[in-house]
Asks: 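Below is a structure I'd like to ask you about.
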Amino acid sequence: MKGTILRLKNQAGLILIPIAPFSFDPSMHKPDHFPSQDTKWEQGIRWQTMLWQGKPLGLKFENIGTIGKPKIKLNVFSEDKLEKKYLEGLKEEINYRYDFNTDLTEFNQKFRDDKQLGPIIKKWPGMRIMSPQSLYEYLVIGIMLQNCTVGRSVNMMQILFEKYGKEVKFDGNKFFCFWEAKILLRTTEEQLRALKVGYRAKSLLRITEPFAKGEINEISLRKKDEEEQRETLISLYGVGPATVGYILFDVFKHYAELRHISPWEQKIYSKLFFDKDPENPVPVKKLLKHFEKYGNYKQLAVHYIWEDLWWKRKNEHIPWLEKLIRV
DNA sequence: CATCAGGGCCCTG
DNA sequence: CAGGGCCCTGAT
């Protein structure tokens with residue numbers, strides 16, 4: 001809650017070994033994600049808060065390996081000393097969320113000669129997809145992305161963090177940590193609307209319920225097949241094909257999940273893959289057909305090319321892209 | 001000033 | 001299956 005800052009003074013050190021090859025920076029920082037107060041990145045280091053089994057944590061990942069011999073030093077900051085068993089579970093969870101245990105050898109071999117994808121694979125061998133949040137947290141973010149500008153999403157998340165999250169300090173930085181789903185059960189739609197989330201208030205409450213009541217268990221949902229996961233997600237009020245698509249890929253790591261392209265993505269893809277004027281975009285059907293060549297790695301392939309564009313944007317001005325991003 | 005579309009989704013007909 | 005409405009914000 002606002003006002004009190006939790007100081008996460010206790011530290012525990014862990015070593016993580018992603019399966020080689022592994023490129024740290026493009027895996028641990030995604031420039032297309034909107035900035036939020038739960039994370040920070042600089043070359044070779046990522047800070048991130050995490051709520052795990054009810055405990056707010058501060059994570060500091062440092063790259064101490066190479067692409068061929070990956071190694072990450074992870075400092076876990078917490079209020080109290082953490083038990084060995086807790087840390088073991090945490091390590092497993094982090095390996096899952098950050099996709100460290102995935103072997104991308106086949107992907108690399110299959111597409112290293114692809115005209116567009118090949119050079120990016122060579123530049124960033126073993127780049128992972130990343131979802132530092134839990135499923136519930138990702139759903140909240142997904143709802144806050146809908147039908148608004150980036151700036152508005154940023155504001156709404158900030159207000160929610162201030163109202164329901166916890167402010168924490170670790171490693172000399174202040175961050176916010178996500179709230180537990182059950183916290184929002186005490187809230188009404190009117191109270192949420194007062195925070196200017198608009199009609200999303202209803203969705204927020206409706207997605208919160210099954211998590212707070214334990215009707216959806218993320219860990220067991222991971223073991224279900226993709227179609228069952230899709231049905232569980234789409235049945236949630238306020239969750240449609242766009243949000244489900246992101247989650248099946250980012251959270252459940254289905255590299256082939258690509259069946260929905262939203263209008264803003266369509267415009268960017270038209271320029272990126274067909275060099276066509278975004279104002280006169282290539283039909284979605286045609287885009288999807290183009291991606292067929294990437295088979296079971298469709299969305300992963302698009303992710304590589306997409307991230308490459310956003311990294312370029314950090315260093316150079318890309319006028320056509322700026323026009324399509326409403327900040 | 002007013003108007004409008006947006007990094008979707010739900011609901012209606 | 002197409003299209004209107006939704007909260008708010010910033011662009012025009």
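Lettering follows sequence order; numbering is per chain, from 1. The figures that follow rest on heavy atoms only: side chains count, while hydrogens, waters and symmetry mates do not.
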Asks: Do A:H303 and A:K30 pass the side chain to side chain donor-acceptor pair (under 3.5 Å) test, and can you show the C-alpha distance, the side-chain angles, and the key distance before you say yes or no?
Replies: CA-CA 10 Å; A:H303 178 70; A:K30 304 289 181 184; 3.1 Å; yes
Asks: Ignoring hydrogens and geometry, is there a side-chain-to-backbone donor-acceptor pair from A:Q229 to A:L221 under 3.5 Å?
Replies: yes
Asks: Nearest nucleotide by nearest heavy atom, which residue falls closer to the 5' end of DNA chain B, A:I234 or A:W310?
Replies: A:W310
Asks: Could you check A:R46 against A:Q48 for side chain to side chain donor-acceptor pair (under 3.5 Å), going step by step and ending with a plain yes or no?
Replies: CA-CA 7 Å; A:R46 179 188 175 90; A:Q48 173 73 51; 2.6 Å; yes
Asks: Are A:R259 and A:E226 ion-paired here, with the side-chain N under 4.0 Å from a carboxylate O?
Replies: no
Asks: Tell me the interatomic distance from A:K196, atom NZ, to C:dG10, atom C1', rounded to whole angstroms.
Replies: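 Between C1' of C:dG10 and NZ of A:K196: 13 Å.
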Asks: Step by step, work out the ring pair (Phe, Tyr, Trp, His ring centres under 6.0 Å) result for A:F61 and A:W47.
Replies: CA-CA 6 Å; A:F61 301 85; A:W47 294 263; over 10 Å; no
Asks: Which is true for A:S153 with a 4.0 Å heavy-atom rule: it touches a base, it touches only sugar-phosphate, or it touches nothing?
Replies: nothing
Asks: Report yes or no: does A:S270 contribute a side-chain atom to a donor-acceptor pair with the main-chain N or O of A:V282 at less than 3.5 Å?
Replies: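 Yes, because the side chain of A:S270 sits within donor-acceptor range (under 3.5 Å) of the backbone of A:V282.
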Asks: Where along residues 139-152 of chain A does a heavy atom fall under 4.0 Å from DNA chain C?
Replies: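 Residues of residues 139-152 of chain A under 4.0 Å from DNA chain C: A:N147, A:R152.
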Asks: Pick the closest DNA chain B nucleotide for A:W306 and for A:L236 by heavy atoms, then say which residue is nearer the 5' end.
Replies: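 Final value for this comparison: A:W306.
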Asks: Is it the case that A:K55 places NZ or CZ above or below the six-membered ring of A:Y86, under 6.0 angstrom from the centre and within 45 degrees of the axis?
Replies: yes
Asks: Run the salt bridge (Lys or Arg N to Asp or Glu O under 4.0 Å) test on A:E322 and A:R313 for me, step by step, so that the C-alpha distance in whole Å, both residues' side-chain angles and the decisive distance to 0.1 Å come before the verdict.
Replies: CA-CA 9 Å; A:E322 293 309 314; A:R313 178 173 178 261; 2.6 Å; yes
Asks: Just how far, in rounded Å, is C1' of C:dC8 from CG of A:L160?
Replies: 14 Å
Asks: Check whether A:R200 reaches the backbone of A:Q146 with its side chain - one donor and one acceptor, N or O, closer than 3.5 Å.
Replies: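 Such a contact is found between A:R200 side chain and A:Q146 backbone.
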Asks: If only atom types and distance count, is the side chain of A:Q299 paired as donor or acceptor with the main-chain N or O of A:F249 below 3.5 Å?
Replies: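 No: the side chain of A:Q299 does not pair with the backbone of A:F249.
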Asks: What interatomic distance, in whole Å, is found between C1' of B:dG7 and the corresponding atom of C:dC1?
Replies: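 Those two atoms are separated by 24 Å.
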Asks: Tell me, please, the opening and closing nucleotides of DNA chain B, 5' to 3', among those with an atom under 4.0 angstrom from a non-hydrogen atom of chain A.
Replies: B:dG6 to B:dC11
Asks: What nucleic acid atoms does A:R200 come within less than 4.0 Å of, heavy atoms only: base, sugar-phosphate, or nothing?
Replies: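 The residue A:R200 makes base contact.
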Asks: When you compare C:dC7 with B:dC1, how far apart are their P atoms, in angstrom units rounded to a whole number?
Replies: 25 Å
Asks: Please, what dot-bracket string fits DNA chain C when only Watson-Crick and G-U pairs with both distances under 3.5 Å count, crossing ones use [ ] and pairs to another strand use |?
Replies: ||||||.|||||
Asks: Using a 4.0 Å heavy-atom cut-off, does A:Y237 contact any base of the nucleic acid, only the sugar-phosphate backbone, or nothing at all?
Replies: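 Answer is sugar-phosphate: A:Y237 comes under 4.0 Å of backbone atoms only.
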Asks: Taking atom types as modelled, is there a side-chain donor on A:E257 or A:Y246 under 3.5 Å from an acceptor on the other?
Replies: no
